[in-house]
Q: 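Take a look at the following structure, please.
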Amino acid sequence: MQNSKTLKGLLAVSVLAAMFSAVGVQAQTTSSAAQNGAAVQNGSSAKLSAGDEKALKDMARANINEIAAAKIALSKAQSSQVKVFAQQMVKDHGDALTKVQTVAQQKGVTLPTEPDAKHKATAAMLEKQSGSAFDKMYMENAGTMDHKMVLSTLQSDASKIKDPDVKALADAHTPVVEQHLKSAQQMSM
């Protein structure tokens, strides 16, 4: 009878130990899952804030707008200076757009694919111009005004960006846009 009580006691202790072990394993599994979930949220595939998504879309749109206007300038500009400027815009903004598209794809953000309505209207006006009138209009609009606007937007967005990848893009784009603006302002048309 003593052996029976001892066996029942051991069995009860074993059951309790097994239950507490299972609870411990469950707690560790839950904790690991929570940590893994946090790691995914902090990783490159994390959902961006609305402000960060807006910044990515702003950068994409600015690059698309500049490329579209520069392509018109490559075919219509009279001045070799304007053509060189336009070629630089296609190259620099093309490179920048590729970087923005890469980050957007990693973050699951759908970007615009064509110029906005304002820039489509400007493109239509540019298409109607020729010679020095075209050069002047292109440099005033795409060269100076657009780069001022883009620089202002970049600086405004950059101050609010939380995602390090999006912030790095904005920080890398800012000096390029500043240089474009400076070059456009130095060209007298």
Side-chain angles (χ1 to χ4, degrees), residues 40-77 82-130 134-185 187:
V40 168
Q41 287 180 351
N42 292 329
S44 65
S45 63
K47 178 85 171 116
L48 292 179
S49 70
D52 289 359
E53 188 170 326
K54 176 192 175 299
L56 261 182
K57 288 179 179 181
D58 287 346
M59 284 185 268
R61 185 162 283 115
N63 288 311
I64 290 166
N65 292 340
E66 284 297 327
I67 293 166
K71 285 182 176 179
I72 296 169
L74 287 174
S75 67
K76 294 195 64 122
V82 173
K83 286 186 180 200
V84 167
F85 181 84
Q87 186 60 51
Q88 193 65 49
M89 296 308 98
V90 170
K91 181 193 177 312
D92 291 351
H93 288 286
D95 292 346
L97 181 58
T98 299
K99 291 174 185 172
V100 171
Q101 288 168 332
T102 299
V103 171
Q105 185 176 16
Q106 292 169 350
K107 307 293 181 177
V109 174
T110 302
L111 297 176
T113 57
E114 58 184 34
D116 60 26
K118 176 187 171 205
H119 287 87
K120 285 180 182 179
T122 301
M125 289 182 356
L126 283 170
E127 289 286 0
K128 294 176 185 173
Q129 299 296 319
S130 61
F134 172 87
D135 293 353
K136 182 176 173 50
M137 181 182 259
Y138 170 71
M139 291 307 299
E140 285 176 356
N141 285 281
T144 304
M145 288 189 327
D146 278 355
H147 281 94
K148 280 182 181 178
M149 182 190 66
V150 169
L151 185 58
S152 174
T153 302
L154 263 175
Q155 290 169 336
S156 173
D157 286 351
S159 67
K160 302 170 198 150
I161 294 171
K162 294 178 181 34
D163 184 89
D165 297 328
V166 178
K167 177 84 168 120
L169 276 176
D171 290 345
H173 283 49
T174 300
V176 175
V177 172
E178 288 172 336
Q179 182 55 49
H180 291 171
L181 176 58
K182 185 177 176 184
S183 295
Q185 290 170 330
M187 290 175 65

Q: Got more than 12 heavy atoms from elsewhere within 6.0 Å of CD, Q179?
A: yes
Q: Can you give me the closest heavy-atom contact between F85 and S183, atom names plus distance?
A: CE1-CB, 4.1 Å
Q: Give every residue pair that meets the ring-ring contact (aromatic ring centres under 6.0 Å, His included) criterion with at least one member in residues 88-110, sequence neighbours excluded.
A: H93-H147, H93-H180
Q: Tell me every residue that passes side-chain contact (heavy atoms from CB on, under 4.5 Å) with A62, counting only those two or more places apart in sequence or in another chain.
A: V150
Q: Return the set of residues passing salt bridge (charged side-chain N to carboxylate O under 4.0 Å, His left out) with E178 (not counting sequence neighbours), or none when no residue passes.
A: none
Q: Mind jotting down which residue pairs meet the salt bridge (charged side-chain N to carboxylate O under 4.0 Å, His left out) criterion with at least one end in residues 62-76? Sequence neighbours excluded, please.
A: none
Q: Could you check K160, K162, K107, K47 and say which one makes a salt bridge (charged side-chain N to carboxylate O under 4.0 Å, His left out) with E53?
A: K47
Q: Sorted by first residue and then second, give each side chain to side chain donor-acceptor pair (under 3.5 Å) pair with at least one member in residues 95-104; sequence neighbours left out.
A: K91-D95
Q: Return yes if some donor-acceptor pair links the side-chain N/O of S152 with the main-chain N/O of K148 below 3.5 Å, else return no.
A: no
Q: Is the closest side-chain donor-acceptor distance between N141 and H119 under 3.5 Å?
A: no
Q: Which residues pass the side-chain contact (heavy atoms from CB on, under 4.5 Å) test with V100, sequence neighbours left out?
A: L56, M59, A60, N63, L111, L169, H173
Q: If you compare all heavy atoms of I72 against all heavy atoms of E127, which two are closest, and at what distance to 0.1 Å?
A: CG1-OE2, 3.6 Å
Q: I need the minimum non-hydrogen distance between M89 and A70, along with the two atoms involved.
A: CB-CB, 3.7 Å
Q: I need the N65 CG to D116 CG distance, nearest 0.5 Å.
A: 4.5 Å
Q: So, for A170 and I161, which heavy atoms are closest and what is the spacing to 0.1 Å?
A: CB-CD1, 3.8 Å
Q: Can you check whether D52's main-chain N or O pairs, donor with acceptor, with D163's side chain at less than 3.5 Å?
A: no
Q: Heavy atoms only: give me the nearest A172-V176 pair and the separation to one decimal.
A: O-CG2, 3.7 Å
